[in-house]
There are 2 protein chains.
Amino acid sequence: MDERDVRILKAIGDLGTGSPERINEETGIPVSTIHYRLNNLREAGVITNDLYDLDLDALGLGVTVLVEVLADYAGEHADVASTITEIEGVTTLLSTMGETDFVAVAHLPDDKAVGRLLREFEGIPAVERTNSTYVIETLYDDARALSSYSTESLVDVLVDE
Amino acid sequence: MDERDVRILKAIGDLGTGSPERINEETGIPVSTIHYRLNNLREAGVITNDLYDLDLDALGLGVTVLVEVLADYAGEHADVASTITEIEGVTTLLSTMGETDFVAVAHLPDDKAVGRLLREFEGIPAVERTNSTYVIETLYDDARALSSYSTESLVDVLVDE
DNA sequence: CCTGAAATGTACCGCCG
DNA sequence: CGGCGGTACATTTCAGG
């Protein structure tokens with residue numbers, strides 16, 4: 001894993017395509033090298049399928065943290081949200097009902113990064129309190145959201161007649 | 001959205017590829033029809049990019065719920081986990097430190113399904129208590145986990161020398 | 001709206017610089 | 001590691017059912 005691998009993977013996420021040609025336009029890395037690198041990343045288990053889903057452990061972002069955020073905002077809800085979104089490692093941000101205002105999920109390289117992350121959260125003026133939870137293990141994560149449904153149920157649920 | 005669309009989308013998730021040929025092997029739907037359907041799904045905004053990321057709102061799974069689970073298990077942690085995983089709609093299952101044992105995320109079609117989901121959780125013998133939170137809005141969700149990092153940070157974080 | 005067959009495009013592989 | 005072709009595919013298109 002070196003800088004080129006990183007730039008290729010980031011380009012895939014940003015562009016939303018795994019096309020070597022498009023990645024080349026974005027990164028300037030030669031097309032044949034992109035092939036070569038992607039094959040290596042597949043063999044290393046970082047990329048898990050044709051859809052370029054990543055194995056975060058293999059990638060080096062094996063620490064997951066859940067952060068509940070209580071905020072005191074006056075109409076600046078969207079501002080707080082976008083500030084949180086920009087914190088490095090935050091991959092999901094939910095606006096929730098009930099006791100907390102936001103729930104964020106972050107994927108980080110190690111414990112040190114967790115400390116840094118929490119300081120960043122606490123550094124946001126509108127943030128009153130945070131409550132963090134270490135994730136011991138990601139037991140299941142289905143990016144495309146359909147695996148848990150049987151085909152018959154999906155038909156029931158999604159087909160609008 | 002009819003049964004064929006559903007079967008195509010499910011096949012993509014299950015197979016981990018968007019290749020029309022592979023989808024045809026799985027579903028028996030003619031290759032050119034698959035392409036025709038996928039184009040329609042793209043135009044409808046259900047599929048958002050070449051990586052087949054789905055817009056859950058457009059798909060019809062616009063309701064997201066967070067479920068914290070407190071369980072009383074004697075060595076059967078893995079059993080409880082796999083039971084939860086099989087509940088329809090559950091897309092993420094985390095094993096957490098602290099007050100709760102698991103946190104699950106579910107994507108559902110409507111409020112009625114939320115009730116059904118919670119009854120399924122409560123129906124698991126080892127589950128003592130659940131605490132659910134409605135998600136008002138998914139403000140941000142980065143499936144590939146790298147967007148929030150700048151390239152330079154990613155290099156710092158991931159490159160092992 | 002679906003599909004089979006034709007046309008186009010791309011990935012992939014080996015070779016050489 | 002990077003470039004360049006050639007080949008073998010898979011994807012895409014489209015006219016007709």
Side-chain angles (χ1 to χ4, degrees), chain A residues 1-55 58-60 143-144 146 151-152 154-161, chain B residues 1-55 58-60 143-144 151-152 154-156 158-161:
Chain A
M1 178 73 61
D2 64 4
E3 172 167 355
R4 287 194 134 178
D5 289 325
V6 167
R7 282 172 53 215
I8 291 169
L9 291 176
K10 185 156 167 56
I12 290 173
D14 290 347
L15 297 173
T17 179
S19 154
E21 193 173 308
R22 296 290 314 283
I23 298 169
N24 162 270
E25 289 169 20
E26 180 77 7
T27 63
I29 298 169
V31 172
S32 61
T33 303
I34 292 167
H35 270 291
Y36 172 75
R37 296 284 185 142
L38 285 177
N39 276 339
N40 289 343
L41 288 167
R42 262 184 272 269
E43 278 179 25
V46 174
I47 295 169
T48 59
N49 57 27
D50 287 359
L51 307 176
Y52 298 92
D53 289 332
L54 301 176
D55 181 323
L59 181 61
R144 252 150 294 285
L146 302 181
T151 303
E152 304 83 57
L154 275 181
V155 171
D156 283 352
V157 163
L158 299 180
V159 173
D160 34 36
E161 33 244 318
Chain B
M1 179 73 62
D2 64 4
E3 172 168 354
R4 283 192 137 176
D5 288 326
V6 166
R7 282 171 55 215
I8 291 168
L9 291 176
K10 184 156 167 57
I12 290 174
D14 290 348
L15 297 173
T17 179
S19 153
E21 190 173 301
R22 296 290 315 285
I23 298 168
N24 162 269
E25 289 169 19
E26 180 77 6
T27 63
I29 298 169
V31 171
S32 55
T33 301
I34 291 166
H35 187 255
Y36 172 75
R37 295 284 186 142
L38 286 177
N39 273 342
N40 289 344
L41 289 167
R42 262 183 272 270
E43 278 179 26
V46 175
I47 295 168
T48 60
N49 59 26
D50 287 359
L51 308 176
Y52 298 91
D53 290 331
L54 301 175
D55 181 322
L59 220 204
R144 250 148 296 280
T151 303
E152 304 83 58
L154 274 181
V155 171
D156 283 352
L158 299 180
V159 173
D160 34 35
E161 32 244 318

Task: Residue-phosphate contact under 4.0 Å: Ser32(A) side-chain N/O, dG3(D) OP1/OP2 - done: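 No, Ser32(A) has no side-chain N/O under 4.0 Å of OP1/OP2 on dG3(D).
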- [ ] Report yes if at least one side-chain N or O of Tyr36(A) is closer than 4.0 Å to OP1 or OP2 of dG2(D); otherwise report no.
- [x]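 It does not, given that no N or O in the side chain of Tyr36(A) lies less than 4.0 Å from OP1 or OP2 of dG2(D).
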Is the backbone N or O of [Y] less than 3.5 Å from a side-chain atom of [X], with the two atoms forming a donor-acceptor pair by type?
X: Asn49(B); Y: Asp53(B); result: yes
X: Asp2(B); Y: Asp5(B); result: yes
X: Arg22(A); Y: Leu15(A); result: no
X: Asn24(B); Y: Ile29(B); result: yes

- [ ] Give one of base, sugar-phosphate or nothing for Val31(B), where a contact means two heavy atoms less than 4.0 Å apart.
- [x]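 Base contact.
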- [ ] Give one of base, sugar-phosphate or nothing for Arg22(B), where a contact means two heavy atoms less than 4.0 Å apart.
- [x]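 The answer is nothing, as Arg22(B) stays clear of every strand by at least 4.0 Å.
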Task: Nearest heavy-atom neighbours spanning Arg4(A) and Pro30(A) - done: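 Residues Arg4(A) and Pro30(A), closest heavy atoms: NH2-CD, 4.1 Å.
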Task: Nearest atoms (heavy-atom pairs only) where Thr48(B) meets Leu54(B) - done: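 In this case the closest contact between Thr48(B) and Leu54(B) is CG2-C, 4.4 Å.
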Going by heavy atoms in the side chains, are [X] and [Y] under 4.5 Å from each other?
X: Leu154(B); Y: Leu9(A); result: no
X: Ile12(B); Y: Leu51(A); result: yes
X: Met1(A); Y: Leu59(A); result: yes

Rounding to an integer number of Å, can you tell me how far [X] [atom1] sits from [N] [atom2]?
X: His35(B); N: dT11(D); atom1: NE2; atom2: P; result: 9 Å
X: Arg37(B); N: dT13(D); atom1: CZ; atom2: C1'; result: 18 Å
X: Asn39(A); N: dC1(D); atom1: CG; atom2: C1'; result: 15 Å
X: Leu38(A); N: dC1(D); atom1: CG; atom2: P; result: 13 Å

Between the protein and nucleotides 7-10 of chain D, which nitrogen or oxygen pairs are less than 3.5 angstrom apart?
from: dA10(D); atom 1: OP1; to: Glu21(B); atom 2: OE2; distance (Å): 3.1
from: dA10(D); atom 1: OP2; to: Glu21(B); atom 2: OE1; distance (Å): 3.3
from: dA10(D); atom 1: O5'; to: Glu21(B); atom 2: OE1; distance (Å): 3.4

Open item on the list: Reading DNA chain C from 5' to 3', where do the contacts with chain A start and stop? Cut-off is 4.0 Å to heavy atoms.
Closed with: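 The contact span of chain A on DNA chain C goes from dA11(C) to dC12(C).
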Task: P atoms of dT11(D) and dC13(C), separation to the nearest Å - done: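 Looking at atom P only, dT11(D) and dC13(C) are 15 Å apart.
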